[in-house]
There are 2 protein chains.
Amino acid sequence: MSVVESLSNSMSIEVKESCEETAQRGRGRPRDEVARTRILEAALEVLQEVGFANTTTDAIAERAGASKATIYRWWSNKAAVVIEALRKQVSRDTPFADTGDLVNDIHLQLQGFVEFLTGWRGRVFKAFIAAAQNDPAFAESFRTDWILPRREEAKEIFERHKERGALAKNVDLELLLDAMYGPIYFRLLAGHGRLDADFAKSVGDMTIRSLVTS
Amino acid sequence: MSVVESLSNSMSIEVKESCEETAQRGRGRPRDEVARTRILEAALEVLQEVGFANTTTDAIAERAGASKATIYRWWSNKAAVVIEALRKQVSRDTPFADTGDLVNDIHLQLQGFVEFLTGWRGRVFKAFIAAAQNDPAFAESFRTDWILPRREEAKEIFERHKERGALAKNVDLELLLDAMYGPIYFRLLAGHGRLDADFAKSVGDMTIRSLVTS
DNA sequence: GATTTACGATACTATCAAGTTTCGAAAACT
DNA sequence: AGTTTTCGAAACTTGATAGTATCGTAAATC
């Protein structure tokens, strides 16, 4: 069983539905929630294949077996669809290691993250980051919905390690997280080296070494 | 004097001119090298302001005071202009610390890199990385012209530190470089924390701590 | 059954940008 | 002077796509 799977039952961040649109009881035919799901899934698929710059609403509609009219009935524009799709994925796929052992936690977190990025979700993720550099709406969502919640969760775990005495009180947790995840992001985006379990292990080892004397 | 300025006389990587187009002696009016320079500079300016996805050839031409015909006379397409412009900047702005002292080198390199990214060039750089996620030509140039040369140069410096005994022979230099630069890239792209001299110092300290027991 | 709303399909409009062409003028060589 | 090539300016063509509108149908409420 993979690390990601073994952690998938951990607490996930619930994203509040922004719109009052969801299944409002009224007169006519209700919103087709299946179509909604298909559209969001299709958006991620297309995004992952061609990047946001080359993602078209026609492609999303065709992939979803839906109509463009349906898309624009529920989302104000193309970016809104993709951003909601990305947020949905975030709320599902954020396993996080919390075993009680510091060394173990660090390794499992890095291992799980690399596994998360390998393959399908890695390409989605790259597209997300790229879009965030060109469009402020994506940048905001990337920070608010992805980066910050994960960091807060990780910081809580590390705070408990501090209280248990496994981690020195004066360790800068922001810096620690950057040291852990920075190299992973770096290889993901620059592609200059392998991004696999061995690398995750090495980064973890190095991070832990940097803590012993701090 | 800034770290970047103090290092700006160091060896820079000479990029070979790809095209035989440059100043071929023939019959008619020769190529206007001033216009060429203006076009490349304008390309970077526009890129840095709006990102590659929103960069238009019209904007580049207008900014450069040139004609689109001139652009397409010498470059096959829009991406070619921008990629050459980025390559030109790389060949100029790659100061690298090599003082002979390991701790000093690490801190100066990180300091110089953060300074490089702060302000104008940081935005160019972000646009470069974003484009690399959507367009294979940019990705190739990013690795070949930017990442790899810098890493090779840094690895040579660290190899000398190994020979001097300042650095353990078994240290993985690829990993070391990822640990140094990964966190910087991370903050540059995710924007979740400050990217300043203090941060560079902290990353350097942490990196050095991770080396002492390795 | 009448009404209301959503649906898929499709045609449509409007915009924007890449790349081309034309033209008169300028700058080199012979 | 004549020739060749480039230049800037501007008009132009072409293609792609975001977003809208229409229409007949399906699924709910009253």
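The analysis underlying the following values was restricted to heavy atoms, covering all of them including side chains, and did not include hydrogens, waters or symmetry mates. Since the model is a prediction, treat every value here as computed from it, not as a measurement.
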Take atom CD1 of A:I39 and atom P of C:dA9, then tell me their distance rounded to the nearest Å. 11 Å
What integer distance in Å separates B:E62:CD from D:dA10:P? 11 Å
Report the nucleotide, chosen from C:dG8, C:dA28, D:dT3, that has the shortest atom-to-atom distance to any side-chain atom of B:P30. C:dA28
Think A:R38 has a side-chain N or O under 4.0 angstrom from the OP1 or OP2 of C:dG8? yes
Is A:R31 positioned over the aromatic face of A:W74, cation under 6.0 angstrom from the ring centre and no more than 45 degrees off axis? yes
Below 4.0 Å: OP1/OP2 of C:dT4 and any side-chain N or O of A:R31: no
OP1 or OP2 of C:dA18 under 4.0 Å from side-chain N/O of B:T57: yes
Answer with yes or no after comparing the ring centroid distance for A:Y185 and B:Y185 against a 6.0 Å cut-off, counting only values under it. no
Among C:dT10, D:dT17, D:dC30, which is the nearest nucleotide to the side chain of A:D58? D:dT17
Just checking A:A69: base, sugar-phosphate only, or nothing, at a heavy-atom cut-off of under 4.0 Å? base
Taking OP1 and OP2 of D:dT17, is either one under 4.0 Å from a side-chain nitrogen or oxygen of A:T56? no
Using atom CZ of B:R73 as one end and atom P of C:dG19 as the other, report the distance to the nearest whole Å. 16 Å
NZ/NE/NH1/NH2 to OD/OE distance under 4.0 Å, A:R151 and A:D178: yes
Any B:S67 side-chain nitrogen or oxygen under 4.0 Å from OP1 or OP2 of D:dA9: no
Between the base of D:dG8 and the side chain of B:K68, is one N or O donor paired with an acceptor at under 3.5 angstrom? no
Is the distance from OP1 or OP2 of D:dC7 to the nearest side-chain N or O of B:W74 less than 4.0 Å? yes
Just to be sure I understand the rule, does B:T55 reach a base, reach only the sugar-phosphate, or reach nothing, if contact means heavy atoms closer than 4.0 Å? sugar-phosphate
Can you tell me the distance, in whole Å, between the NZ atom of B:K78 and the P atom of C:dA17? 9 Å
Using OP1 and OP2 only, check whether a side-chain N or O of A:R29 sits under 4.0 Å from C:dC7. no
